[in-house]
Amino acid sequence: MSLVDLTSMAKPNKEIRGKILTKLGGIELINCFQCLKCTSGCTAFKLLELAPHEVVKLVKLGFVEGLITSEIIWTCATCLKCTERCPQKASPYHVIMALRNLAVEQGAKIPEAYLKAVSQILETGLLQTTRKVTTKEMETFDRKRLGLPEIKYPTKTFKTVLLKVLEGALA
Amino acid sequence: MPRIGVYVCHCGLNIAGVVDVEEVTRYAKTLPDVVVAKHYTYMCSESGQRMIQEDIRAYGLERIVIAACSPRMHEETFQKTVLEAGLNPYLLEIVNLREHCSWPHSEEPEKATEKAKELVRMGVAKARLLEPLEKRRVSVEKSVLVVGGGIAGIQASIDLANAGFKVYLVEKKPSIGGRMAQLDKTFPTLDCSACILTPKMVEVARHPNIKLLTNAEVINVSGFVGNYEVTVVKKPRYVEEDKCVGCGLCIEVCPVKVPDEFNEGLSYTRAISIYSPHAVPNVAIINPEYCLRLKYNKDVCGKCLEVCGTKAINFEQQPETLQLRVGCIILAVGADVFDATKIPELGYGRFKNVISNIEFERMSDASGPTGGKILCPQTGKPPKSIVFIQCVGSRDKRFHEYCCRVGCMVSLKQAILAREKLGKDVDIYICFNDIRAFGKGYEEFYRRARDLDINFVNGIPSEVRSAPDGSLYLSVYEKSINKLLELHADLVVLACGLVPGQDFDRISEIFHLPRSADGFFLEAHPKLRPLESPTAGIFLAGACQGPKDIPDSVAQASGAAAKAMALLSKGEIEIEPLKAVLNQDLCSGCGICVPLCPYDAIKMKTERVNGVEKLRVQIVEAMCQGCGTCASTCPAGAIKMQKYTNEQILAQVHAALTESGGVK
């Protein structure tokens, strides 16, 4: 998100800004005075260049469309440091979550990893598949060897219900 | 029936921009007993007032209704107007069309006009029943109580004493001087704080008109403007003030180490100590929580007794209660410094090398714990890099939403002092979000800091991290270059703001004073009466009214002193007649009103009527503040609240609910 992006973007879009504000329940969570405490401590800044103060300011100014299609909103690690420490009780975290929701609603491209996670849950009920672990002594363990019970995979009903919920959320 | 005149004010466009004033005036003319109704751009202007006075004479008006702004704003103005025209000032009724109508209903002008008509109708209904009242004059006590011996209290005391008034200066600490005594230099001139303060402290102690009461606290205030009764408790020092010469021999022999409060706990003093290097009075005090003899056993230790040449030490001293009679009170109790342990991410309290700005002051002071050297507390070595973090606890909705008004200037000053003391090779950073340098000479001071190669980083770090050697790491996103700076500092100084004192709850109870949303004491009017509390005869000075620097505190203190002089110099003052009045014949002596009176103005008494003992209440007029609580609760209707009688209020209610204009 550089200066060029901002200037090349269309005019502020009040309508889509209004949608975000509705999701946030008012202006309080973007009522920021740009002290930059959030970006100074952002877990996702150093590697992924997420600058929470910029996200909040762009929403405040109405430049929401560029954010929704950008990959930057998917980099937040949801550590909530920004929310905890904000001296103005604003919350970049909540703004980013609202943007993600809007992105999904509008059919924007979602990073593959997120889609993978959803299908993984549908298939296995877990965020990750079970893995084998190798120790320092190069011994390999799996659940069976550790005497742990087999993982039960989700039933068909679970899948239908989850899909319904997801569709409901998108509708 | 009385002849009534109604005057509707436009207040520029404040009222007329929303309310149709012509329509309201037309309507007022139709109300019963209204002889004349007029509207005018500014009723409070000279020509507006003259118009009312001319009408009073021409139409023989007996009651005046003015529909304008809040009575708190101009009731007094218009009372004078009608008085000059020969009418009793209490035959005037103000209808508030601005704060109660045009301002809150600016979106709905038609409904606002309807409401304005109703308000005027109610005002006329009440005006019809108004009775003439007389002000009473009472004599005043020509003395002043000043609470708090910081720079504000000192300045107010000296001003009043020089004008010839008797001053009682009460300070809870063992010495006067307050926060200013703890400072090294002062911004923006870098005057040595002690050099400009100490002479004033000595002047207070020597002034024949000032009675200085240190180690003392006000525990009760009763009475009213001009005649306050104050109870002060002087806590025991266990050292006779008139015998101790402040030689300090006792401190040398005392075996008990105690954290030094004046040095913010950065060094130790002894169980017997002199509060500060420039203490006034320069007298020792024993801390009963630490002294072995006072805490454990009457026979142990006693080393101070042995060395004291003037036999000043007295372990038998008891608290002393004093009753003072004063005409008015100046509250100058100052403020506390924000406790940064409340913000865990900054590491204060966890990392020794993170210090507060008041601790930096003590370190920088030549008479402080390090003899004026800036040192890292953990290593005892001078720092090679210092980072200041601004707005700690202030401009922060989690703690205090207001700007502390001194943090920026304090950090600029401390950065300059660090540069002077540590040389040009030391890296100094100030992490800020807005530098507020608004006072006289302050912006120039900011410039001076930049000239001295102090780095300003526009961004606040999220957290302070510590390395095993005690040095500190901070990441700050710099707004102007859009880069994350990694700062490595030996010393981090937090710009802690000024916050309401811990004992403000108790003080506000003792003095019956309200506080504003920020926790500081509330002034009578934020713009026009900033030096007065809402209670007549109690004035505010210094940081207890809101965060202030030294120039502002001194200005406010001199202002409050002048206000007190104006009040006392007349010798007597007028008291509003808006008080509760008892009808003896109706009072049954049930006493319901007695515990309800917030001002203890109602007493029970027995009277002999026709040879029969009868229980009745008595209202102490001088103490009654006219709140009306008693009048509204009296089951017999025996108490009348002047200018707010039951008949008057019911007439207003009637006028509000019907369109009859209050005439039944």
Side-chain angles (χ1 to χ4, degrees), chain A residues 1-7 24-58 60-61 63 66 70 72 75-96, chain B residues 338 340 342-348 387-404 407-408 429-436 456-465 472-487 489 492 494-497 499:
Chain A
M1 201 63 46
S2 68
L3 197 66
V4 182
D5 297 331
L6 180 62
T7 46
L24 294 173
I27 205 165
E28 278 79 22
L29 295 177
I30 56 168
N31 199 345
C32 153
F33 68 2
Q34 297 283 311
C35 73
L36 290 88
K37 203 173 171 185
C38 49
T39 304
S40 295
C42 181
T43 312
F45 176 76
K46 280 184 199 173
L47 295 173
L48 301 163
E49 297 197 343
L50 172 65
H53 78 278
E54 269 186 20
V55 173
V56 173
K57 190 74 178 184
L58 285 170
K60 181 85 192 359
L61 292 172
F63 296 107
S70 98
I72 204 82
T75 59
C76 170
T78 67
C79 72
L80 288 158
K81 266 199 280 185
C82 54
T83 305
E84 280 287 313
R85 294 173 180 175
C86 177
Q88 292 298 298
K89 289 193 177 170
S91 177
Y93 159 77
H94 283 94
V95 177
I96 290 167
Chain B
F338 179 74
K342 289 180 185 163
I343 309 186
E345 63 261 29
L346 294 178
Y348 181 79
V387 174
F388 290 85
I389 302 176
Q390 295 307 108
C391 298
V392 174
S394 19
R395 301 182 73 205
D396 191 328
K397 267 171 113 176
R398 298 172 299 170
F399 306 100
H400 302 282
E401 209 177 338
Y402 55 81
C403 163
C404 78
C408 289
Y429 294 91
I430 296 183
C431 297
F432 72 97
N433 171 32
D434 305 333
I435 288 282
R436 298 192 166 168
F456 288 84
V457 178
N458 193 346
I460 300 283
S462 177
E463 63 194 350
V464 178
R465 303 181 301 274
L472 304 157
Y473 288 86
L474 312 94
S475 314
V476 199
Y477 191 78
E478 200 340 307
K479 207 186 282 185
S480 354
I481 53 171
N482 281 331
K483 286 210 163 58
L484 193 73
L485 300 181
E486 295 284 353
L487 300 178
V492 167
L494 305 179
C496 299
V499 300

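Computed from a predicted structure; not experimentally measured.
- Ranked by heavy-atom pairs shorter than 4.5 Å toward chain A, the options I460(B), L485(B), L474(B), V476(B) are led by I460(B).
- For C86(A), the part lying near chain B is the backbone, with the side chain staying farther off; criterion is any non-hydrogen pair under 4.5 Å.
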Write out all chain A-chain B donor-acceptor pairs shorter than 3.5 Å, or none if the list is empty.
unit_1 : atom_1 : unit_2  : atom_2 : d
Q34(A) : O      : K479(B) : NZ     : 3.0
C35(A) : O      : I460(B) : N      : 2.9
K37(A) : NZ     : E345(B) : OE2    : 3.1
S40(A) : OG     : I460(B) : O      : 3.0
S40(A) : OG     : Y477(B) : N      : 2.9
K46(A) : NZ     : E486(B) : OE2    : 3.2
E84(A) : O      : R398(B) : NH1    : 3.2
R85(A) : O      : R398(B) : NH2    : 3.4
R85(A) : NH1    : S462(B) : O      : 3.4
R85(A) : NH1    : S462(B) : OG     : 2.8
R85(A) : NH1    : E463(B) : OE1    : 3.1
R85(A) : NH2    : E463(B) : OE1    : 3.1
P87(A) : O      : K397(B) : N      : 2.5
Q88(A) : NE2    : R395(B) : O      : 2.9

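- Options C82(A), G41(A), P87(A) differ in how many heavy-atom pairs under 4.5 Å they form with chain B, and the most are formed by P87(A).
- Not a single ring-ring contact (aromatic ring centres under 6.0 Å, His included) links F33(A) to another residue, sequence neighbours left out.
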